[in-house]
Amino acid sequence: MAKILVVDDEAQVRGMLVKMLSVEHHEVIEAENGTQGCKKYRKHRPDLLITDLVMPEKNGIDMILELKKEFPAIRIVAISGGGGITGSFDYLPIAKLVGALHILQKPFTLQALKSAVAEALEVPEVH
Ligand SMILES: [Mg+2]
């Protein structure tokens with residue numbers, strides 16, 4: 001069991017993640033944008049951060065950059081709708097560049113999430 005912070009501006013996506021992660025007996029904390037995400041990360045010090053990238057107030061990339069400075073060993077899994085069908089810019093490769101261990105394109109399967117989370121949690125927190 002791990003403590004996981006889920007950051008996404010869509011309540012529906014957060015709800016789905018909470019459901020998926022609770023089945024795995026993880027403790028889940030939610031935030032709806034990068035500003036809240038930074039605050040909650042500092043307060044709760046979760047084992048893993050799962051974050052959306054396109055969000056109002058503070059986007060996922062800015063949040064990752066900010067937290068990575070304070071917590072260099074932070075474990076991150078980035079999720080995003082990305083480009084392709086919607087034609088919007090794909091931020092997932094950038095998330096990887098700035099330190100996400102795994103990236104998941106929405107929509108993803110429970111299995112894909114489970115293995116990304118399991119693999120990310122295996123990375124030792126070496127400072
Ligand atoms: Mg979003």
Side-chain angles (χ1 to χ4, degrees):
M1 195 189 108
K3 200 197 281 184
I4 301 176
L5 173 61
V6 164
V7 188
D8 198 302
D9 57 323
E10 287 175 62
Q12 217 183 332
V13 178
R14 290 201 308 274
M16 183 198 67
L17 284 165
V18 169
K19 234 187 234 171
M20 285 177 159
L21 296 166
S22 303
V23 172
E24 299 293 299
H25 307 291
H26 294 304
E27 178 189 344
V28 188
I29 300 148
E30 294 176 59
E32 62 183 40
N33 58 53
T35 308
Q36 255 194 33
C38 282
K39 270 189 204 157
K40 293 202 173 177
Y41 190 91
R42 290 183 189 112
K43 188 176 169 194
H44 299 280
R45 300 293 186 92
D47 302 298
L48 175 67
L49 166 67
I50 299 180
T51 186
D52 182 28
L53 297 176
V54 182
M55 297 181 288
E57 266 191 61
K58 184 176 287 177
N59 67 54
I61 300 292
D62 286 347
M63 177 181 62
I64 290 172
L65 288 170
E66 193 175 321
L67 288 173
K68 191 85 185 159
K69 248 188 251 168
E70 275 172 66
F71 310 96
I74 184 172
R75 300 183 183 109
I76 302 162
V77 171
I79 54 173
S80 186
I85 308 158
T86 56
S88 58
F89 188 76
D90 186 5
Y91 290 96
L92 283 171
I94 298 176
K96 193 120 207 199
L97 278 178
V98 296
L101 296 166
H102 287 279
I103 51 178
L104 289 174
Q105 186 93 46
K106 288 177 189 169
F108 45 80
T109 62
L110 173 61
Q111 194 49 54
L113 177 74
K114 267 167 75 172
S115 36
V117 167
E119 280 172 39
L121 287 172
E122 269 171 33
V123 176
E125 265 196 302
V126 182
H127 292 271

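Both counts, for ligands and for their atoms, begin at 1 and track the order of listing.
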Any non-hydrogen side-chain atom of [X] less than 4.5 Å from a side-chain atom of [Y]?
{"X": "Val18", "Y": "Glu30", "value": "yes"}
{"X": "Val7", "Y": "Gln36", "value": "no"}
{"X": "Phe108", "Y": "Met20", "value": "yes"}
{"X": "Asn33", "Y": "Asp9", "value": "no"}

So, with waters excluded, how many protein N/O/S atoms does the Mg ion (ligand 1) have closer than 2.8 Å?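 If we list every protein N, O or S atom nearer than 2.8 Å to the Mg ion (ligand 1), we get 3.
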
Within a radius of less than 6.0 Å around CD of Gln12, do more than 12 heavy atoms belonging to other residues, nucleotides or ligands occur? no

Could you tell me whether Lys19 atom NZ has more than 12 heavy atoms of other residues or ligands within 6.0 Å of it?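 At most 12 heavy atoms, drawn from other residues, nucleotides or ligands, come within 6.0 Å of this atom.
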
